[in-house]
Amino acid sequence: MAVCIAVVAKENYPLYIRSVSSDSELKFHYTVHTSLDVVEEKVSAVGKVLVDQRELYLGLLYPTEDYKVYGYVTNSKVKFVIVVDSANTSLRDNEIRSMFRKLHNSFTDVMCNPFYNPGDPIQSKAFDSMVSSMMVQTF
Amino acid sequence: MSPAQWDLPPELCCRPMAFVALTGLDVVYNAVHRAIWDAFCANRRADRVPISFKVLPGDHEYPKCRTKRTSYEWYIPKGILKTGWMNKHLNLVPALVVLFYELDWDEAQWKEKQSECATKVEIVRTSLQGRNTKVAVVLIQKKTPLPPGEDVMASERAAALCNACDLSGKSLFVLPHTDHLVGYIIRLENAFYEHAQTYYNTEIRRVKSHKEFLNKTTHQLLFVRHQFKMAFFSELKQETQNALKHYRSAYSLIHELRTHETNILEIKTMAGFINYKICRLCFQHNTPLDAIAQFRKHIDLCKKKIGSAELAFEHTAWMSKQFQYFGDLFDEAIKLGLTAIQTQNPGFYYQQAAHYAQERKRLVVQLCGGPESNLGYPAPDPLETPTGVLDFYGQRAWRQGHQSIDPPDPEKEKGGILALQTREKEVPHSELIIALLSNAVAQFKKYKCPRMKSRLMVQMGEEYYHTKDYTKALKLLDYVMCDYRTERWWGLLTSILSTALRCSYLMAQVKDYVLYSMELVGRGSTLSEDQKSRIQKNLMKVLKNEPPEAEPDCSPAAVKAAQALWSERGTQTSREDIILEVQDSVPFVQCKARFLHPSFHLDVPVQLHVYLLADCPHPVRFSKLCVSLSNQDYNQHCVVESPDQAHDEEDMCLVPGRTHRYAFRFVARAEDVGKKIEITGVDLMLGSKSSRSVFLNWRGGGGDAASSLEALQAMRSFKRRGRLPENEVDWDTVSIQASTMIISRVPRISVQLHHEPPALNNEMYCMRVTIQSQEDAVAHDVKLTAGLKPGQDANLTHTTHVTLDGSKMCDDSHRALLPDIPISDLQPREKVEKPLFIRCSTTGSRIFLVHVAYTVDANIEGRDIVCKCHKVSFEHLERVFVDVPFLLMTDILSMSPWPLHLVTSQLQLAPTMSAVDQPASQVEEVVLQTSESASECFCLTCPPVHQGTTAVASGQYVISWKRKSANTAIPMVSTVITLPHVAVETIPVYIHADLPSFGRVRESLPVKYRIQNRTGIVQEVEMSVEPSDAFMFSGLKQVRLRILPGTEQEMLYNFYPLMAGYQTLPLLNINLLRLPGVSGQLLRRFLPSRIFIKPQGQQADGDSIAAA
């Protein structure tokens, strides 16, 4: 399960970012922000080689000592970043993919909301609860 | 222990090379020996064998070899690896000792020398007692040796020497001291290298042989030690693959050791050593992935082996070093050609090293600040050892060699820990962290990770903050701030700004303090309202020249120093205005300035609105608002200032969340017509002159780092905006309009042109310009510029002439444009008419310019009028003529839309033509309407021409005309048309028919044919008349006759018409017998072919004309 989930706009500013504990929030913000380096590089590489354009999942962006950062980019260049604990070895690539798919679906729902202005921070209860369901539960 | 305690020993990090000792060389006083030694040392490039040479005296004491153990049964090892071991084998115990000895084969005192040599060898052997070190002898000889086998004495004496020294033949070398020294030396060292390899091989086997004596319970440490030694010897032997194998097994063995608090440091230290070696060899073997995998494994295995909780900082220090060394190895490999990628580069390792270093620092604060720290450093230093060094790597100085689970002396243990903690406090942690971070920054810069770089720079800045180097901290933070701002990561920006604010507070940097505060209370900040409120209150204090409250999380001592600085700042008398460029940040006051229109007429005041919106929690009072414009003369009109407190109090206070509008108006100056007025900046002054004034300066029409995207979002948004009170504006609807154009006022004068286009070619075309003033005042200096608009085809300028005088034809001396024709002042409603004559000598459309300038409040106007010029065109008929009278017919077709009055026409014949009669104009005083035509006909003859001329000029046709509507004063236009050349043919015989113009049925019609010979010879002509249905005739039906030159013959016929109407005359066949080329067909062309026959008995005079 994720420790941090973020949605980043096409222009690379955060639309939504949520992490498990508020005391390490800043750290996760940095982690997500720095992972954009890799995302940008991967996205531009995809553009060059024109490999399967439909593959939105970018895979493991980079492993840090404590966390693994995964990336996903929609066709409209909105980025999803999921950070999981490195200790959590049970999580398979497939599960990460399905997490991203869920996230994408929920994001699509947000976008379909006529009252949502694309580019504004996401403030949706449905999206929130979906993200919560994917986060590590802290009691 | 030194702060470098965690550094790897240099003997571990170097590349092990076989150690060969050279003895018997006197490198100081003996030039030959010096040369030999230099040849060994100099130019040790990669192509030479890896040996490290050392010159030692002949009686050098080599480290003693301890007596070899015969049984390990009762032996309990005290540690894994002795600290001196690697150095011993690298630098102290040679693989080979070479004795250099000067001895020629033909030495006179051979016996003595031989025994001296043997003695020297013996001395070396003795000092190497118990070691397997090889000994070799090199004889330095002055003579070049003969080829082997030829010098009998040499081989004999060599054998004798070997015998005396107890050497094998392979260990005796000869070094002739000749020209080819380096070549000999290279051969020598290759031989030495072989000996060394044999030595290390023996050593490996020796160590391996111990294995069978070991048991798994008590000798676990020895398993590791032996594998390490074998690996190290393999390295010395340059068998890196074997070395890697042994290191790997050593590594797995070390993790099989039982770990407990007392030995964990030793295990980690050794694991670190071995890991370093493995990674190094993997990079060397160009298998970087193996190196990375090994390192990951190493870290995963060791991460949790923290050891004693009181010394947890040791673990983090060690971890930090592990990452740092791996980063170094990685970087080294890259320098040697390895390629790294964005997600796998040394930067990550340096970053992690820095992370552990930070962790170490944190733990030091946590662990070394306890009550024990007040006890002071323990009296007998527990970290001192009798020798000054440790016996084994990674052991505690106060309990060396101790391998049981419990510490032998808890009291000593405590003292040791305290000593370590005390020492740890002296470590410059921040320096270490900053060094590592800057290493990482350099790497990430290289591998295109700008955000990672920024993040590390933030960490560096924070570290500088902790070391109280606020200037450097601010510099770094300020550098990266804009990255986060442009990427709109407000959370991160806020955290950086908070640190920066603390720095500027502690340094009492007023300008920075104000700048960061303003951004922190603004809309970009993610701080809570309480925090914002606190910062804003501080900001207000600073503006009132009072010291602000301390920032939270600052140490009390630092705050005290800062307070002193602030109060000092407050007393400074010479204060400068603080000007802050806020364009590139997100300040708490937003500004948008706009001209109400993109352009203003000169007679309308320019209107300019400045909108301000405060985002802070409390209202903001400002004391001045001024707008700077590109023309600074207007600036004085765009100022809002409070001269005293009472004035306009409401207006100068920005209520958060409400858009405030400030309207300015000024009258533009006449010289700015056609120019752009731009807002170059907006300044908002906070504070007051008496205390401290801060100017917020927006370049251009306002806006800041975040506003452009916000405007875009607001535009996209379909959120319904709440209804605002009448006098308020919605911020998002305001757009910036930073420039306006000053344009001239709309002229109030009418200019009309009366003319009848098209103008005709060469005509004095009249154009009447009517100027009527609609001004309320008198228009002065009215000037008219009229003529061909400049900038058209240059040919038009030459063929167009304009004049005001219509009475005479204008010629080339007149210009195409008449500038500045003065016209009298115009009273309101007054009208002036001005005729203008234009003559165009070519066709084509021309654009004329009529421009009226006048002065009334300095206004100018202009107007372009397009005129089209046309001309009359003529059409010609062209025919082939002969030397007989012919008709010239001209058609004049009027294409002018206006009636044309043809005054007269004239035919001017060329000398080659002559008129049959006196030609007079037949179209005089004719008026032609549009597309009417007038024709004239002239009868001409062509006099004989020279033989060979085929075409002759016929002359010119001149038409004089004018426009019907033109008054009599206007001169006529003469149009000259050149008539085409005609082809002329000379004929030998001319035939002419004399016949009446008509005939009557059943009445005699006499016809006379005259045949004229125009040649110089007699012509014989055969004539015949063919019968016709329409005529009966009398005369010669067929005749042959001769005609003399220049004479003519007459043939008379009487035709009797039988039918009325146009009738074909009986065909006359003429055949010139002398000129077969001239056919009757040609001649027949001169004869009429038909005649009109009137019916019988009617006496009317018909005007029938015989066809030509």
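In what follows, every chain begins at residue 1, and chains take the letters A, B, ... in the order their sequences are listed.
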Answer key: most heavy-atom pairs under 4.5 Å with chain A among B:Ser495, B:Gly491, B:Pro450 is B:Pro450

Those residues of residues 122-129 of chain A that come under 4.5 Å of chain B on a heavy-atom basis, listed by number, are none

Bottom line for B:Glu487: the part with an atom under 4.5 Å from chain A's heavy atoms is both

Check: Is there a donor in the side chain of B:Asn275 and an acceptor in the side chain of B:Gln294, or the other way round, less than 3.5 Å apart?
Finding: yes

Sorted by chain and residue number, the ring pair (Phe, Tyr, Trp, His ring centres under 6.0 Å) partners of B:Tyr464 (sequence neighbours excluded) come out as none

From the list B:Phe330, B:Tyr325, B:Phe326, ring-ring contact (aromatic ring centres under 6.0 Å, His included) partner of B:Phe295 resolves to B:Phe326

Answer yes or no: is there an ion pair linking B:Lys268 with B:Glu314, defined by an N-O contact shorter than 4.0 Å?
no

Interface check, chain B: of A:Pro14, A:Ala9, A:Gly119, most non-hydrogen pairs under 4.5 Å belong to A:Pro14

When the 4.5 angstrom heavy-atom criterion is applied to B:Phe323 and chain A, the contacting part is side chain

Counting heavy-atom pairs under 4.5 angstrom with chain A, the leader among B:Arg455, B:Gln352, B:Lys453 is B:Arg455

_Between A:Glu25 and A:Ser19, is there a side-chain donor-acceptor contact under 3.5 Å, judged purely by atom types and distance?_
no

Applying a strict 4.5 Å limit to non-hydrogen atoms, the region of B:Gln713 in contact with chain A is both

Okay, A:Ser35 and chain B: the region with an atom under 4.5 Å from a heavy atom over there is neither

Residue set satisfying side chain to side chain donor-acceptor pair (under 3.5 Å) with B:Gln344, at least two apart, ordered chain then number -> B:Tyr349

Quiz item: For the residue pair A:Tyr57 and A:Phe100, does the interplanar ring angle fall in the parallel (under 30°), tilted (30 to 60°) or perpendicular (over 60°) class?
Solution: tilted

Among B:Gln351, B:Gln342, B:His355, the residue with the most heavy-atom pairs under 4.5 Å to chain A is B:Gln342

If one checks every heavy atom of A:Leu61 against chain B at 4.5 Å, the contacting part turns out to be backbone

The interface call for B:Tyr484 against chain A, heavy-atom contacts under 4.5 Å, is side chain

Across all chains, not counting sequence neighbours, the side chain to side chain donor-acceptor pair (under 3.5 Å) partners of B:Gln583 are none

State plainly whether the residues B:Arg488 and A:Glu11 are in salt-bridge range, i.e. N to O under 4.0 Å.
-> no

Review point. Side chain to side chain donor-acceptor pair (under 3.5 Å) between B:Asn439 and B:Gln324: does it pass, once the steps are laid out?
Key: CA-CA 10 Å; B:Asn439 269 352; B:Gln324 187 191 344; over 6 Å; no

*Candidate pair B:Tyr516 and B:Asp478, rule side chain to side chain donor-acceptor pair (under 3.5 Å), full reasoning*: CA-CA 10 Å; B:Tyr516 300 138; B:Asp478 200 53; 3.2 Å; yes

